[in-house]
Protein chains: 2
Amino acid sequence: MSDTQKLTAILKAASDPIRRELLTLLVQHGPTRVTDLARHFDVSLNAVSKHIKILEAAGLVRRRTEWREHLIEADMDPVRQIDRWFQDLRSVWDRRLDVLDDVLKRETEDE
Amino acid sequence: MSDTQKLTAILKAASDPIRRELLTLLVQHGPTRVTDLARHFDVSLNAVSKHIKILEAAGLVRRRTEWREHLIEADMDPVRQIDRWFQDLRSVWDRRLDVLDDVLKRETEDE
DNA sequence: AATTTAATCAACCAAATGGTTGACTAAAGT
DNA sequence: ACTTTAGTCAACCATTTGGTTGATTAAATT
């Protein structure tokens with residue numbers, strides 16, 4: 001999977017309120033069973049199970065299966081990739097503002 | 001619109017590769033016309049126009065309309081909101097790791 | 001005067017998304 | 001032995017998404 005695809009998967013996974021809440025619960029309480037996670041939402045267990053699979057596919061969450069109990073835990077590593085993308089974007093943006101500053105300064109000096 | 005809804009809109013907007021590429025083009029080249037943006041993609045002008053409206057609704061882009069020419073420019077402010085959410089998440093995560101460290105240290109001391 | 005250009009709007013379409021219920025497997029509790 | 005518990009899988013459904021084409025408005029070019 002390309003970096004672009006990975007980033008797309010991460011951002012899409014993070015763009016759903018329930019999935020963000022799941023991540024918050026996981027970083028707060030550590031590894032948690034699917035059923036215990038589902039308790040916090042008013043959708044079915046099945047729906048939560050699906051959300052978790054999406055988070056898992058994006059790498060935001062890992063699963064430790066002990067027989068019928070699945071312990072889910074957050075993985076913050078992919079978040080760094082998001083950070084990097086937005087930081088890059090902003091740094092290009094800032095550089096452009098600097099260039100604009102230079103242009104304006106030079107124009108002022110020319111007067 | 002609630003903060004959660006805003007964040008959802010921003011992340012959803014950023015989760016599409018074409019829209020991310022549009023943002024990159026805009027921070028690199030500054031305000032650009034819709035047609036000139038569309039040139040970079042192999043989808044129709046209409047499709048690009050729709051993408052821009054989604055970015056606009058999320059506040060990631062602003063529009064200056066001069067008669068029939070629409071100048072689109074990036075707005076980096078909402079990006080800060082994304083950053084903040086992920087940073088918060090990670091800081092909670094890091095704090096939990098610290099607590100875990102403490103627990104382990106105390107257990108070691110008890111031996 | 002005729003045509004090209006810039007962009008949106010509207011209608012339509014296929015695929016993806018987020019939800020549901022019901023069936024299933026196998027462990028654990030009574 | 002029976003029932004509850006944990007979780008997934010499969011099928012289904014409504015809505016959203018991302019794309020298309022065609023029509024429209026009014027400016028700019030020839």
Side-chain angles (χ1 to χ4, degrees), chain A residues 1-2 4-26 29-58 60-74, chain B residues 1-2 4-26 29-58 60-74:
Chain A
M1 193 161 57
S2 76
T4 303
Q5 286 174 323
K6 262 184 246 166
L7 189 54
T8 298
I10 296 171
L11 286 168
K12 233 184 233 175
S15 75
D16 181 273
I18 290 190
R19 290 195 289 264
R20 282 201 304 278
E21 183 67 23
L22 280 169
L23 284 177
T24 304
L25 287 170
L26 286 169
H29 303 135
T32 314
R33 296 183 316 154
V34 177
T35 311
D36 293 333
L37 288 170
R39 228 179 290 286
H40 294 81
F41 307 92
D42 60 349
V43 296
S44 70
L45 172 68
N46 271 7
V48 173
S49 170
K50 275 192 186 181
H51 280 303
I52 292 174
K53 268 190 293 181
I54 290 169
L55 289 170
E56 203 180 3
L60 287 163
V61 134
R62 268 168 307 151
R63 181 189 303 255
R64 248 180 309 135
T65 305
E66 309 236 342
W67 297 109
R68 64 172 180 170
E69 290 194 355
H70 297 211
L71 280 189
I72 311 298
E73 62 186 328
Chain B
M1 194 160 57
S2 76
T4 303
Q5 285 174 324
K6 261 184 246 166
L7 188 55
T8 297
I10 296 170
L11 285 167
K12 235 184 230 174
S15 76
D16 182 273
I18 291 190
R19 290 195 288 265
R20 282 201 303 278
E21 182 67 24
L22 279 169
L23 283 178
T24 304
L25 287 169
L26 286 169
H29 303 135
T32 314
R33 294 183 316 153
V34 178
T35 310
D36 292 333
L37 288 170
R39 228 180 290 285
H40 294 82
F41 307 92
D42 61 350
V43 296
S44 69
L45 172 69
N46 271 9
V48 174
S49 170
K50 276 191 186 182
H51 280 304
I52 292 173
K53 267 190 293 182
I54 290 170
L55 288 171
E56 204 181 3
L60 286 163
V61 134
R62 268 168 306 152
R63 181 189 302 256
R64 248 180 310 133
T65 305
E66 310 235 342
W67 295 109
R68 63 173 181 169
E69 291 193 356
H70 297 209
L71 280 189
I72 313 297
E73 61 186 328

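Computed from heavy atoms alone, side chains included, the values below leave out hydrogens, waters and symmetry copies. Chain letters run A, B, ... following the sequence lines, proteins first and then strands; every chain starts at 1.
- Regarding B/Trp67, its CH2 atom lies at a distance of 16 Å from the P atom of C/dT8, rounded to whole Å.
- Within the 4.0 Å cut-off from OP1 or OP2 of D/dG7, not a single side-chain nitrogen or oxygen of A/Ser49 is found.
- Here A/Ser44 reaches the OP1 or OP2 of C/dT20: one of its side-chain N or O atoms lies under 4.0 Å away.
- Interatomic distance, A/Ile52 CD1 to A/Leu26 CG, rounded to the nearest 0.5 Å: 7.5 Å.
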Side-chain polar contacts of residues 35-42 of chain B - donor-acceptor pairs under 3.5 angstrom, sequence neighbours left out - could you list them?
residue : atom : partner : partner atom : Å
B/Asp36 : OD1  : B/Arg33 : NH2          : 3.3
B/Asp36 : OD1  : B/Arg39 : NH2          : 2.5
B/Asp36 : OD2  : B/Arg33 : NE           : 3.1
B/Asp36 : OD2  : B/Arg33 : NH2          : 3.4
B/His40 : ND1  : B/Asp36 : O            : 3.3
B/His40 : ND1  : B/Leu37 : O            : 3.4

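- Within the structure, every side-chain polar atom (N or O) of B/His70 is placed at least 4.0 Å from both OP1 and OP2 of C/dA6.
- Judged as a salt bridge (Lys or Arg N to Asp or Glu O under 4.0 Å), and not counting sequence neighbours, B/Lys53 has no contacts.
- Taking B/Lys50 as the reference, nothing meets the side-chain contact (heavy atoms from CB on, under 4.5 Å) condition, with sequence neighbours excluded.
- At the phosphate of C/dC9, OP1 or OP2 sits under 4.0 Å from a side-chain N or O atom of B/Lys53.
- Of the side-chain N and O atoms in A/His51, none sit less than 4.0 angstrom from OP1 or OP2 of C/dT17.
- Within residues 10-20 of chain A, no residue has any heavy atom under 4.0 Å from DNA chain D.
- Which of C/dT20, D/dG19, C/dA6 sits closest to the side chain of A/Lys50 comes down to C/dT20.
- B/Glu69 places its CD atom 10 Å from the C1' atom of D/dA27, with the value rounded to the nearest Å.
- If you take CG of A/Leu45 and P of C/dG18, they are 17 Å apart, rounded to a whole angstrom.
- No hydrogens or angles were tested; on distance alone, nothing pairs the side chain of B/Asn46 with the base of D/dG18 as donor and acceptor under 3.5 Å.
- Qualifying side-chain contact (heavy atoms from CB on, under 4.5 Å) partners for B/Ala14, counting only residues two or more places apart in sequence or in other chains: A/Leu11, A/Phe86.
- Listed by first and then second residue, the salt bridge (charged side-chain N to carboxylate O under 4.0 Å, His left out) pairs that reach into residues 7-26 of chain A come to none, sequence neighbours excluded.
- Following rounding to the nearest Å, B/Leu71 (CG) and C/dT8 (C1') show an atom-to-atom distance of 16 Å.
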